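What you see below is based on every heavy atom in this structure, not just the backbone, and it leaves out hydrogens, waters and symmetry mates. Not measured: the values here are computed from a predicted model. Quick note on labels: first sequence line is chain A, next is B, and so on, each numbered from 1.
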Amino acid sequence: MINRRSIIGAGAVLASAAAWTKTMAMSLPEAAIMKSPDMQPPIFPISGPDYQPVVTLNGWTLPHRMNNGVKEFHLVAEPVNREFAPGMVAHLWGYNGQSPGPTIEAVEGDRVRIFVTNKLKEHTSVHWHGMILPSGMDGVTGLTQPGIPAGKTFVYEFDLVKSGTFMYHPHADEMTQMAMGMMGFFVIHPKDPKFMRVDRDFVFLLNAYDIDPGSYMPKIMTMVDFNIWSWNSRVFPGISHLVVGKNDKVRVRVGNLTMTNHPIHMHGYDFEVTCTDGGWVRPEARWPEVTIDIPVGGMRAYEFDAKYEGDWAIHCHKSHHTMNAMGHDIPTFIGTDKSKIAEKIQKVQEEYMPMGENGMADMAEMEMPLPDNTLPMMTGFGQFGAIEMGGMFSVVKVREGLSAGDYADPGWYKHPEGTVAYEWTGDLPEPVKSGDAKTAPPRKTVG
Amino acid sequence: MNVALNKAVFAILTSGLLAGCASNSDWKRLEDSKYGLQGASAHIVAATGKRPVWVQSQEEAQRAASQTRAILKNKTLTRDMAMRVAILNNKGLQADLAEIGISSAEMWQETMLMNPVVSIGTAEKATVRIFESAIVGNLLALITREKRVDIAEAKFREAQHQAAYSALKLAFDTQRAWIKAVAAKETVSYLLQAQTASDASSELAKELGRTGAFNKAAQAREHVVFAEISGQLSESRISEREAREALNRLMGVWGDDLNYLLSSSLPKLPARTIVKTGIETEALRTRVDLQIAKYELEAVAREHKLENATRYLTDLELVAAVELEKPKAGGPTELTKKRIELEFAIPIFDSGKARMRKAEFMYMRAANRLAEKAVNIRSEARGAYDKYKSSHEIALHYRDKIVPLRDVIKQEVLLEYNGMISSTFEMLNDTRASTNARLMSVNAKQNFWLAEVDLRSAIHGGYGGSSGGGGVSLAEGGSAGH
């Protein structure tokens with residue numbers, strides 16, 4: 001949902017870029033504001049070279065205006081409330097109403113003029129990660145420019161000399177401002193519409209927060225023990241699905257602004273990295289992968305032909321990163337018999353429910369009351385039951401017969417008969433295990 | 001409770017006073033060995049529903065015992081009931097009643113008694129006030145009437161007040177003992193809860209040891225908390241038994257009577273404390289021990305035949321007797337009365353005669369001791385009132401702030417446990433912390449109720465400055481990084 005202000009801005013671009021050039025030459029472009037955390041449809045180019053616009057998971061593309069041949073954008077750095085998934089909102093800093101900020105899209109050879117208004121109480125700046133530009137436009141406070149003071153607007157203006165996949169983020173009080181959610185995507189499409197053309201192009205940033213269960217504000221001093229591992233400040237089951245038409249050529253661009261690496265694994269396909277934040281990868285330098293390690297402060301774009309229909313999981317392969325907030329000092333209760341203990345505990349804490357004797361899966365199904373503003377550690381349901389995930393997890397949905405611009409959720413995949421794993425109903429042999437394994441479930445379990 | 005207590009004390013006191021107030025036509029009655037209780041029996045029945053027995057025969061002893069049993073049997077013993085049993089059954093009080101008997105016997109021998117006017121019923125309806133007025137009436141009568149009263153009567157009055165004082169002290173001490181016994185019982189119940197929580201932790205650790213999830217140290221950390229709390233529980237059970245024994249002694253019970261049930265918790269805190277203005281004046285007017293000292297002084301004066309007080313030494317300043325009587329717009333009588341009420345006035349005799357000098361010094365020695373006592377009583381009253389108000393605030397603070405905050409933590413950590421954010425051990429630790437807050441709250445509540453008894457005893461007598469228990473604080477939980 002783009003609000004009225006932004007519609008005026010975007011609509012004007014649609015109406016006549018030339019008219020804007022005359023009347024608005026000396027004024028600030030409208031700053032579009034996004035109220036929704038949902039994925040917005042792509043914005044197709046209406047002038048200049050043609051390109052396939054990107055789709056930002058749970059995000060949007062910033063509208064621009066043309067001013068004497070210069071593409072003008074307006075970013076507003078400000079405090080925002082970001083929904084991570086239904087049931088949890090974080091108090092962050094971001095741009096134009098959301099964290100991360102809107103994706104900026106332009107074309108190789110464009111000259112861009114980006115207005116940055118600072119609505120924070122401390123100075124900020126914007127660094128254009130990976131881009132070739134004049135040193136004074138690099139956005140490092142103190143080094144290449146003074147910080148943008150609170151309440152002021154600065155202008156960045158430079159030529160986009162190469163196409164590729166980039167990011168933007170503050171380089172002023174950087175630790176704080178990035179821990180608070182300030183970052184965004186910057187895509188420069190090739191001048192040649194045919195070069196590296198795809199049918200669908202998804203982008204998302206990896207980010208991490210430490211938000212105590214029951215609280216709203218990230219702990220910005222955390223270095224390692226983050227408990228929210230997110231894509232575009234969003235966690236499963238709140239992350240948009242990647243909806244793809246069968247036989248589409250698909251690109252997924254992933255940037256990492258956390259403080260650790262993330263092996264992003266996609267099921268059902270093999271694929272190749274075709275682009276980093278350093279530029280396009282020559283075909284002879286690519287190799288096949290099913291998991292791509294996204295380095296810290298790095299970007300990887302991979303491509304595949306969507307030949308195989310289905311619901312394909314896509315996730316970080318660090319299994320703790322596909323969990324929502326959880327404790328790390330919980331003893332392993334596997335194999336314990338808590339029946340008598342539970343009776344005692346319930347004398348002093350009536351609502352206590354024993355968990356974990358058989359594993360943790362009961363967590364995903366029990367749906368017990370949690371602290372305020374806290375998502376279950378493992379949650380989400382699919383057509384076959386609890387998905388038992390959280391954090392950096394989503395689904396690539398490949399379907400036959402989707403129209404080109406259709407990104408709407410097609411629902412769960414209808415598996416052809418005989419293609420789903422099924423239960424054996426014949427004779428059951430004795431399970432093969434060591435006779436006295438302590439990890440065996442206790443004989444008498446309680447639920 | 002307060003009312004019942006004072007009625008009971010009043011009854012005993014009045015019995016003595018009535019004996020003292022006997023007019024010529026009543027002297028025949030002094031032949032009765034139980035004379036002194038009869039006149040007050042109506043008040044006693046109305047106040048307590050029971051007739052305190054001045055035990056002088058086997059049947060009376062049995063009757064008192066059965067009355068005691070009736071109060072104790074199959075009922076939960078409240079503070080009021082405990083106090084009633086003590087008044088009825090305590091043998092020390094019987095000894096003090098015997099003192100009245102002795103002095104009434106002596107009075108019987110003295111046949112020429114002039115009796116002061118007792119203005120019962122002129123004061124407010126509250127029994128406290130009736131009690132006070134009984135004493136003040138006598139006191140004022142003694143101070144203001146310049147008449148010769150023989151030493152025997154002074155000693156008789158002293159015995160009467162000594163008995164009243166003993167009754168007061170017994171009643172207050174019984175209440176203190178009851179409060180401590182109930183608080184000790186409540187403490188045990190919370191320690192049982194804490195023990196249950198730590199028992200669960202310990203068993204869980206053992207279970208985790210069995211599966212191989214916990215090493216020996218991690219298990220021992222949970223076991224030791226359980227062991228420590230079990231030790232604390234045993235100690236608190238000793239304290240509980242000790243406190244109950246103290247109550248048993250004051251109630252004078254033994255044998256089958258020991259099996260009474262005690263309330264499981266202290267009374268609720270009152271929403272507001274009683275506002276006392278002029279607490280010092282009230283104490284000076286009503287403290288029975290001060291009256292006793294006053295009668296002792298009176299006895300010194302009579303022994304040395306000191307007459308015609310020339311001035312008044314107060315515990316605050318010397319006030320000329322002339323000034324006291326100086327007429328003013330409001331009327332001289334009222335002024336005098338007001339001064340005497342506001343300040344504790346001691347008559348001073350200055351004969352200036354050499355033969356009287358030693359007697360005058362002896363009197364002044366006693367007078368200054370009395371003045372010192374009055375100053376101390378003022379201090380005790382102020383201190384008791386301050387402690388009463390402060391301990392009320394502290395007890396409310398524990399009840400309304402600390403316990404609810406601990407409960408918030410206990411509830412939140414349960415939610416965190418539900419989300420596998422906090423471990424079972426953290427949850428049980430916070431459960432223990434919430435129990436600990438309740439233990440502290442019980443202690444604070446006990447301190448308030450003791451301070452409340454102290455306040456009343458600082459005003460009426462029997463002030464012992466009872467110190468509350470230090471309270472029990474639970475052993476710390478293991479929580480070695482679960």
Kindly check if the number of other-residue, nucleotide or ligand heavy atoms within 6.0 Å of NZ (Lys75(B)) is above 12? yes

Which atoms of Leu428(B) come close to chain A, meaning under 4.5 Å heavy atom to heavy atom: side chain ones, backbone ones, both, or neither? side chain

dist Gln349(A):CD -> Gln411(B):CD (nearest 0.5 Å) comes out at 6.0 Å

His267(A) atom NE2, over 12 foreign heavy atoms within 6.0 Å: yes

Nearest atoms (heavy-atom pairs only) where Pro371(A) meets Glu412(B): CB-OE1, 3.8 Å

Heavy-atom closest contact (Ala197(B) atom, Val348(A) atom, distance): CB-CG2, 4.0 Å

Would you say that more than 12 heavy atoms from the other residues, nucleotides or ligands in this model lie under 6.0 Å from the CZ of Arg244(B), or not? yes

Any chance you could measure Lys206(B), atom NZ, to Thr336(A), atom OG1, to the nearest 0.5 Å? 13.5 Å

What residue in Glu343(A), Met377(A), Lys347(A), Met355(A) has the most heavy-atom pairs under 4.5 Å with chain B? Met355(A)

Quick check on Met378(A) against chain B: is it the side chain, the backbone, both or neither that has a heavy atom closer than 4.5 Å? neither

Verify the neighbour count for atom CG of Asp256(B): are there more than 12 heavy atoms of other residues, nucleotides or ligands below 6.0 Å? no

Who passes ring-ring contact (aromatic ring centres under 6.0 Å, His included) against Phe381(A), sequence neighbours left out? none

With a 4.5 Å cut-off on heavy-atom pairs, point out which of Val413(B), Leu204(B), Thr435(B), Thr424(B) contacts chain A the most. Leu204(B)

Answer with side chain, backbone, both or neither: which region of Pro376(A) has an atom nearer than 4.5 Å to a non-hydrogen atom of chain B? neither

Asn418(B) versus Pro369(A): any side-chain heavy-atom pair under 4.5 Å? yes

Just give me the residue among Leu208(B), Thr196(B), Ile421(B) that pairs up with chain A most often, heavy atom to heavy atom, under 4.5 Å. Ile421(B)

Run the salt-bridge test on Glu203(B) and Lys344(A) with the 4.0 Å N-O cut-off and return the result as yes or no. yes

Given the options Leu375(A), Ile345(A), Asp372(A), which has more heavy-atom pairs under 4.5 Å with chain B than any of the others? Ile345(A)

What heavy-atom pair brings Asp329(A) and Ser423(B) nearest, and what distance separates the two atoms? O-CB, 4.0 Å

Please look at Met326(A) and chain B and tell me whether the side chain, the backbone, both or neither of the residue comes under 4.5 angstrom of a heavy atom of that chain. both

Once you round to the nearest 0.5 Å, how far does OH of Tyr417(B) lie from CE of Met368(A)? 6.5 Å

Do Glu207(B) and Lys338(A) touch side chain to side chain, with heavy atoms closer than 4.5 Å? no

d(Asn324(A) CG, Met420(B) CE) to nearest 0.5 Å is 15.0 Å

